[in-house]
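Whatever order the structure lists ligands and atoms in, that order sets their numbers, starting from 1. None of these values were measured; they are calculated from a predicted model.
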Amino acid sequence: MSDYLAGINTVADLKRLKSYQLKKLAEEIREFLLENISVTGGHLASNLGTVELTIALHHYLNSPVDKIIWDVGHQAYTHKILTGRKDCFTKLRQKNGLSGYPKCSESPHDIMGAGHSSTSISAAVGLAMARDTLQQQGDIYAVIGDGALTGGMAFEALNHAGHIKANINVILNDNEMSIADNVGAVSNYLASLRNDPTLNKVKSDIEFLINKIPRIGGTVSGAVDRVKNALKYTFIQGILFEEFGFKYLGPIDGHNIVELTHYFQQAEAIKGPVLLHVITKKGKGYLPAEQNPDKFHGVGPFNLSDGSLKKQKSNKSYSTVFGETLARIAKEDPKIVGITAAMPGGTGMSIFAAQFPDRYYDVGIAEQHAVTMSTGLAKGGLKPVCALYSTFAQRAYDQIIHDAAIQNVDLTLAIDRAGIVGNDGETHQGLFDFSFLRPVPNLVMMAPRDAEQLQQMLYTAINYAGPAVLRYPRGVINGQYQPEELAEIKIATAEELLSLEDTDLNIIAIGSTVYPAQRAAAVLQQHGFKIGLLDARFVKPLAEEDILKTIKTSKKLLILEEQMLAGGFSSAILELAADQQLPLPDHSRLGIPDQFVQQGSMAEMKAEFELDAKGIFKNALALLGKVEEVEKLWQPGQD
Ligand SMILES: Cc1ncc(C[n+]2csc(CCOP(=O)(O)OP(=O)(O)O)c2C)c(N)n1
Ligand SMILES: CC(=O)[C@@H](O)[C@H](O)COP(=O)(O)O
Ligand SMILES: [Mg+2]
């Protein structure tokens, strides 16, 4: 570690540095980020872009009395470095390690936890109201990216902040990028503010001239005032924000610490809400990231020399299979259109977009709009396929009920990252969608066990005349890949993978739990146990006939889901048995109990909740009264 950074373990250490030393510190932090994230992986590009901004904030402010709230929070690594956590970066985003997002339990400087977009201004408004009500001190800064600003919540907060004249400072970190290119009218507006330096010159000339106009006579001065306002309106920068009641300051060079500090001083003297429009470069200081900020938005371990990934993916991801299959089906059906909420690459929708650019819509970070717009597309006679991460689909829950299900429109909802996602931790796990969608009438919801079934289920969902949901995990696919023919799956039917008759124990699995269940069953069978396995395939409507038959024929029953147990798939089975007054055999169920799932690799966290093959094997043995033999009977490497 180099000279300045080595000596910084608290914000006080930073504040002892002189302004002229901060530029060098920024270089050292950039080097630190590259060295560490090339080993651990993480959100590199966004963090390279906020080094100077973060140094300037912590050097000028007095955190945590002055409060900094990070939007999404994926860009807060420098904040963590400067607030005493630099030595934790070797465990970034790892189990029991440093979170990749602000986390209140980690530091008093982490004012609000984060992970989802567009929350910072709302939080800042609340904190400001509390501060003022309790007559406390401290400035409040929300740092929000241009992508996050496309989220509706941000505008709800801007609207309210302007209305109550909240004493907050919003730093708009504008790097022209969301994960991919930013989209929308806001993004274009910001570009006009960023890219038109003459506007600055003209604006100040006009303001100078306007203020020179002497006040003359009644009506004339009224006309003059109207002209003055019209000119001001046209030329005052940041008019969008000014109309929200914010004082607009900018555009500001976000890599110039002296300039940033100057504007912080200006903002401090202004009462009411201030928006500081800061211009940064995503990936700043590392050419591969500057050239490809999308790839380096969330990157795995990489070679510093050329930015190449250290680990090549062993197989296609479910997202890729989704994108390719959607494109394959769309070739035959011109009514199919694809929608994403700022996640084209992550959802695989970019594959569809490359082939059908005119039938593809990226609405920005706006999941609620994505779903209701999709219902409009359906009402208008098209066949929308809307791809959302499970955790981000939580934002659109009412739209799924109110606009898709009640109106029973022909919408396909492709829920990606369903289940344990791993290193993003509790804010990103996709563990609630069974529970929050299962109660919704009219919805069909299914979960594929492998790539082939994903394709069949996507085909089934698109051909289903109402709202249909399929949910599939992060990561590489199970199973073989390309079925020759796409065929619909009969709604509410399951598939018997291992005979359920005359067994010692039956397993009912769904989605990503089926393959590990097969592996566990294979080991149990090697030790003489007769095991049955049913792939339930549908969360709703349940494959009731198949499930009831399984319950009736089972001596022992193990039910699996990679989801919260509360209200999930196994709850549906228990409810079904209860409703049918059908006594359950000796049984247990595996899923996520009443807790959030921390960060860690997907394999680690599945093992933690015994949702991997060994965990299923262990729980089956427990039902069979042999749990003490687990280690003896389990062959390592079976997983
Ligand atoms: C509700 C929600 N939807 C989607 C995401 C995924 N996501 C994480 S960062 C990001 C882009 C954010 O862009 P911006 O705010 O400009 O930050 P930058 O990465 O450019 O610094 C997105 C879409 C999210 N975190 N939350
Ligand atoms: C910060 C954020 O929310 C996204 O970048 C998220 O981390 C992407 O997750 P995946 O890596 O699973 O696409
Ligand atoms: Mg951005």
Side-chain angles (χ1 to χ4, degrees), residues 41-51 53-54 70-78 93 99-102 114-121 142-154 171-184 186-187 190-191 194 254 278-284 289 293-300 313 317-320 340-350 362-370 387-397 416-430 473-475 599 602:
H43 287 98
L44 178 73
S46 309
N47 282 286
L48 288 174
T50 50
V51 172
L53 173 60
T54 310
W70 299 93
D71 205 288
V72 181
H74 64 308
Q75 80 290 58
Y77 293 1
T78 299
R93 292 163 37 98
S99 168
Y101 302 95
H116 283 194
S117 172
S118 320
T119 61
S120 61
I121 305 172
V143 183
I144 184 168
D146 55 303
L149 191 67
T150 60
M153 255 186 92
I171 291 183
L172 170 53
N173 172 31
D174 181 3
N175 54 20
E176 297 181 69
M177 292 291 292
S178 179
I179 290 184
D181 292 332
N182 201 354
V183 295
V186 168
S187 173
L190 294 177
R194 257 191 320 267
V278 170
I279 312 298
T280 62
K281 182 161 192 58
K282 193 160 183 174
K284 172 97 177 163
D294 186 348
K295 173 188 167 191
F296 285 89
H297 171 83
V299 67
K313 287 211 170 104
S317 67
Y318 283 96
S319 312
T320 300
T340 178
M343 305 296 282
T347 58
M349 194 55 92
S350 52
D362 178 354
V363 298
I365 309 180
E367 289 82 4
Q368 297 175 340
H369 170 58
L388 300 173
Y389 284 20
S390 172
T391 189
F392 304 142
Q394 292 162 192
R395 279 279 168 92
Y397 188 39
D416 196 334
R417 303 315 192 266
I420 289 173
V421 297
N423 304 96
D424 269 329
E426 55 267 51
T427 55
H428 282 65
Q429 309 291 4
R474 184 175 199 270
Q599 66 192 41
M602 288 173 74

Output yes when the distance from some N or O of ligand 2 to some N or O of Arg93 is under 3.5 Å, and no in every other case. no
Show the atoms of ligand 1 that are less than 4.0 angstrom away from any heavy atom in Arg395. 1 (C)
Which ligand 2 atoms are under 4.0 Å away from a heavy-atom of Arg474? 10 (P), 11 (O), 12 (O)
Within less than 4.0 angstrom of ligand 2, does Val421 place any heavy atom? no
Does any N/O atom on Met177 come nearer than 3.5 Å to any N/O atom on ligand 1? yes
Within 4.0 Å of some non-hydrogen atom of Met343, the atoms of ligand 1 are 6 (C), 23 (C)
Side-chain heavy atoms of Glu176 within contact of Ser187, under 4.5 Å: no
Using a 4.0 Å cut-off to any heavy atom of Arg417, which atoms of ligand 2 qualify? 10 (P), 12 (O), 13 (O)
Non-hydrogen atom of His116 closer than 4.0 Å to ligand 2: no
Taking only heavy atoms of Phe392 into account, list the atoms of ligand 2 that are under 4.0 Å away from them. 3 (O)
Please give me the minimum heavy-atom distance between Gly254 and Val278, naming the atom from each residue. CA-CG1, 3.3 Å
Contact between Phe392 and His116 at the side-chain level, heavy atoms closer than 4.5 Å - yes or no? yes
Select the closest option to atom 22 (C) of ligand 1 among Thr340, Ile179, Asp424, judged by heavy-atom distance. Ile179
Considering all heavy atoms of both residues, which atom of Ala289 and which atom of Leu44 are nearest to each other, and what is their separation? CB-CD2, 4.3 Å
Would you mind running through ligand 1 and noting each atom that sits below 4.0 Å from a heavy atom of His74? 9 (S), 17 (O), 18 (P), 19 (O), 21 (O)
Quick check: closest heavy atoms across Ser120 and Val143, and the distance to 0.1 Å? OG-O, 4.2 Å
Starting from atom 13 (O) of ligand 2, find the nearest protein heavy-atom neighbour and note its residue, name and distance. Tyr389 OH, 2.6 Å
Hey, what's the ring geometry for His43 with Tyr101, parallel, tilted or perpendicular (30° and 60° as the breaks)? tilted
Shortest non-hydrogen contact from Ala154 toward Ala148: CB-O, 4.0 Å
Determine yes or no for a side-chain-to-main-chain donor-acceptor pair under 3.5 angstrom, with Asn182 supplying the side chain and Asp146 the backbone. yes
Partner of Val183 by side chain to side chain contact (heavy atoms under 4.5 Å, CB included), out of Asp362, Thr340, Ile365, Val363: Asp362
Which residue holds the protein heavy atom closest to atom 8 (C) of ligand 1, what is that atom called, and what is the gap in Å? Val72 CG1, 4.0 Å
Say whether His297 and ligand 1 are in contact under the criterion: heavy-atom distance to a ligand atom below 4.0 Å. yes
Would you kindly specify which portion of Asp146 sits under 4.0 Å from ligand 1, judged on non-hydrogen atoms: side chain, backbone, both or neither? both
Heavy-atom nearest pair, Thr119 first then Arg395, reads CG2-NH2, 3.3 Å
Step by step, would you call Ser319 with Asp416 a side-chain hydrogen bond (donor to acceptor under 3.5 Å, both in side chains)? CA-CA 7 Å; Ser319 312; Asp416 196 334; 2.6 Å; yes
How far is atom 21 (O) of ligand 1 from its nearest protein heavy atom, and which residue and atom is that? Asn175 ND2, 3.3 Å
Going by the rule salt bridge (charged side-chain N to carboxylate O under 4.0 Å, His left out), which residues pair with Arg93 if we only count those two or more places apart in sequence or in a different chain? Asp424
I need the atoms of ligand 1 closer than 4.0 Å to a non-hydrogen atom of His116, numbered in the order shown. 25 (N), 26 (N)
Glu367 near ligand 1 by a heavy-atom separation under 4.0 Å: yes
Does His43 reach ligand 2 with a nitrogen or oxygen that is under 3.5 Å from one of the ligand's nitrogen or oxygen atoms? yes
In ligand 1, the atoms that come under 4.0 Å of a heavy atom of Gly145 are 14 (P), 15 (O), 16 (O)
Nearest to atom 26 (N) of ligand 1, what protein heavy atom do you find, and at what distance? Ser117 N, 2.9 Å
Heteroatom of Asp146 nearest to the Mg ion (ligand 3) (N, O or S, atom name): OD1
Out of Gly115, Ser46, Gly147, indicate the one that has the non-hydrogen atom closest to atom 14 (P) of ligand 1. Gly147
Ligand-residue contact atoms, ligand 1 with Ala148, heavy atoms, under 4.0 Å: 14 (P), 15 (O)
Considering only protein heavy atoms, which is closest to atom 13 (O) of ligand 1, and at what distance to one decimal place? Ser178 CA, 3.4 Å
Quick one: does Ala45 get a heavy atom under 4.0 Å from ligand 1? no
Donor-acceptor pair, Lys282 side chain versus Phe296 backbone, under 3.5 Å? no
Considering non-hydrogen atoms only, spot the tightest contact between His428 and Val421 and give its length. O-CG2, 3.5 Å
Quick one: does Gln75's side chain have a donor or acceptor within less than 3.5 Å of a partner on Asn47's backbone? no
Quick check on contacts: which atoms of ligand 1 are under 4.0 angstrom from a heavy atom of Lys282? 18 (P), 19 (O), 20 (O)
For the metal site, I want the angle between atom OD1 of Asn175 and atom O of Met177 with the Mg ion (ligand 3) at the apex, to 10°. 90°
Among all protein heavy atoms, pick out the one at the shortest distance from atom 6 (C) of ligand 2; state its residue, atom name and that distance to 0.1 Å. Asp424 OD2, 3.4 Å
Give me the nearest non-hydrogen protein atom to atom 2 (C) of ligand 2 as residue plus atom name, then the distance to 0.1 Å. His428 NE2, 3.5 Å
Roughly how far apart are Asn173 CG and Ser46 OG, rounded to 0.5 Å? 8.5 Å
Answer whether the closest heavy-atom distance between the side chains of Thr54 and Trp70 falls below 4.5 Å. yes
the protein heavy atom lying closest to atom 23 (C) of ligand 1 turns out to be Ile365 CD1, 3.5 Å
Would you please test Leu172 and Leu190 for side chain to side chain contact (heavy atoms under 4.5 Å, CB included) and show each step? CA-CA 10 Å; Leu172 170 53; Leu190 294 177; 3.5 Å; yes
